Q: 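Starting off with a structure, shown below.
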Amino acid sequence: MSIPVYIPDLSGNEKSYVLDALETGWISSIGPYVDRFEKALESESGFRHVIAVSNGTVALHLALHCLDVGPGDAVIVPTFTYIASVNTIAQTGATPVFADVRRDDWLIDPDDLARRLTPRTKAIMPVHLYGSICDPRVYAFAREHGLRIVDDCAEVLGSSRDGINVGHAADVATYSFFGNKTVTTGEGGAVATNDDALAARMRMVKGQGQSTNRRYWHEELGFNYRMTNIAAAIGTAQMERFAEIVARKRRIAEQYRSLLAGAPVVFQQAAAGVTSNEWLVSVLLPEGCDRERVMALMAEQGVDTRPVFFCAHHMPMYRSSERFPVAEDIAARGLSLPSYPALTDDEVAAVAAALTSACALAAQEPDRIA
Ligand SMILES: *Cc1c(COP(=O)(O)O)cnc(C)c1O
């Protein structure tokens, strides 16, 4: 495959900082890079507290746990999301309650929340996908009904609405630094909050619930969700080039939009006022188009693509016969395109050409069975 969907850009100080971590012996979760990475994230996101953890999934679990979400509670979450959003709710003992998403931005539908509410509803988890940000009415609804809010910001570090960074309307925002995210640490994640007490509790609970001033004394049930200094060394180098990485991704997204203006695909559309970080440029293929066939035809041209997420209510462990029409449609027709910073202009053009010709070819093969 000559053009993959993602390649992390490790062309800055990543290697030298990792080597430094190895040479100084600080390879576990104590070490200067963890602090530097957290400070860099605080300054980028504007949160008073950012706490690094081992991945984006445990970031969600830590946030829910420290907001006292647990057995007997219900948490509203979009069915169209990465599975970690739903699994972490279930892992607390609470019940995930699915909501549908909107056709334009593919994100949780504020008009589908009221009927999901029960006396057991404790929290809501808005999930921001591919760079776009959820509607402010979701937060107004949550406040009106006294719900806690965990914002899954795994994909949207750098996205904002009307100049305000994503996540600030939530109790806790979480990030992921997996290898294909805008900023990577290999595996990694973080929780962010402006609440001092909640930050202190999350910091303690991620480190086995150990007292901050008495070693091997554990104040409450905790987890080992710590990030290593080696991972944070990579993240520290990434944050030095954050603006550059996001600027390049935005340029790639612009190019795709102009090159594919005449193609029969519909881009995920960020709502008015939203500035996307353009994490992964994603489109809907035409209705009735065989996505597998389009992907295979593009692969023949050396272009790798990804289907978007499946709906959580279609998975065996969350199976429900209830219909979520918009989420189901987007899950069936969505496709993500190569969107990594090192992608050249020529490669973007090659992807656009491969998609255009694959759509045309697939449309001429109406008898194929999807
Ligand atoms: C990547 C991602 C996560 C989980 O992150 P990991 O670091 O892979 O555990 C959670 N939610 C969403 C929406 C994601 O894209």
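Fair warning: this is a prediction, and the values are worked out from it, not measured in the lab. Every number for a ligand or one of its atoms is a count from 1 in the order of the listing.
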Q: So is Ala59 in contact with ligand 1, going by heavy-atom distances below 4.0 Å?
A: no

Q: Who clusters with Trp217? Use side-chain heavy atoms, under 4.5 angstrom, across I, L, V, M, F, W and Y, and order the result by chain and number.
A: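 So far as hydrophobic clustering goes, Trp217 is joined with none.
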
Q: Aromatic contact between Tyr17 and Phe37, with the criterion being ring centroids under 6.0 Å apart: yes or no?
A: no

Q: For Glu187, is at least one N or O under 3.5 Å away from an N or O on ligand 1?
A: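 By distance alone, the answer is no.
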
Q: Please work out, at 4.0 Å between heavy atoms, whether the side chain, the backbone, both, or neither of Asp152 comes within that distance of ligand 1.
A: side chain

Q: Backbone, side chain, both or neither: what part of Val127 comes under 4.0 angstrom of ligand 1, heavy atoms only?
A: side chain

Q: Can a donor-acceptor pair be found, under 3.5 Å and without considering hydrogens, that links the side chain of Lys249 to the backbone of Ser339?
A: yes

Q: Is there a nitrogen or oxygen of Ser176 sitting under 3.5 Å from a nitrogen or oxygen of ligand 1?
A: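 Yes, at least one N or O pair falls under 3.5 Å.
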
Q: Can an N or O of Thr57 be found at a distance shorter than 3.5 Å from an N or O of ligand 1?
A: yes

Q: Does Ile234 form a side-chain contact (heavy atoms from CB on, under 4.5 Å) with Phe177? I'd like the steps, not just the answer.
A: CA-CA 10 Å; Ile234 300 173; Phe177 308 116; over 6 Å; no

Q: In the single-linkage hydrophobic clustering (I, L, V, M, F, W, Y; side-chain heavy atoms under 4.5 Å), do Phe242 and Tyr340 co-cluster?
A: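 In one cluster: no.
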
Q: Answer yes when Arg248 and Asp9 have at least one side-chain N-carboxylate O distance shorter than 4.0 Å, and no when they do not.
A: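 Salt bridge: no.
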
Q: Under 4.0 Å, counting heavy atoms only: does Lys181 come that close to any atom of ligand 1?
A: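 Within the 4.0 Å threshold, so yes.
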
Q: Which protein heavy atom lies closest to atom 15 (O) of ligand 1, and at what distance to 0.1 Å?
A: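 So the nearest neighbour among protein heavy atoms is Glu155 OE2, 2.5 Å.
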
Q: Nearest protein heavy atom to atom 3 (C) of ligand 1, by residue and atom, and its distance?
A: Tyr82 CD2, 3.5 Å

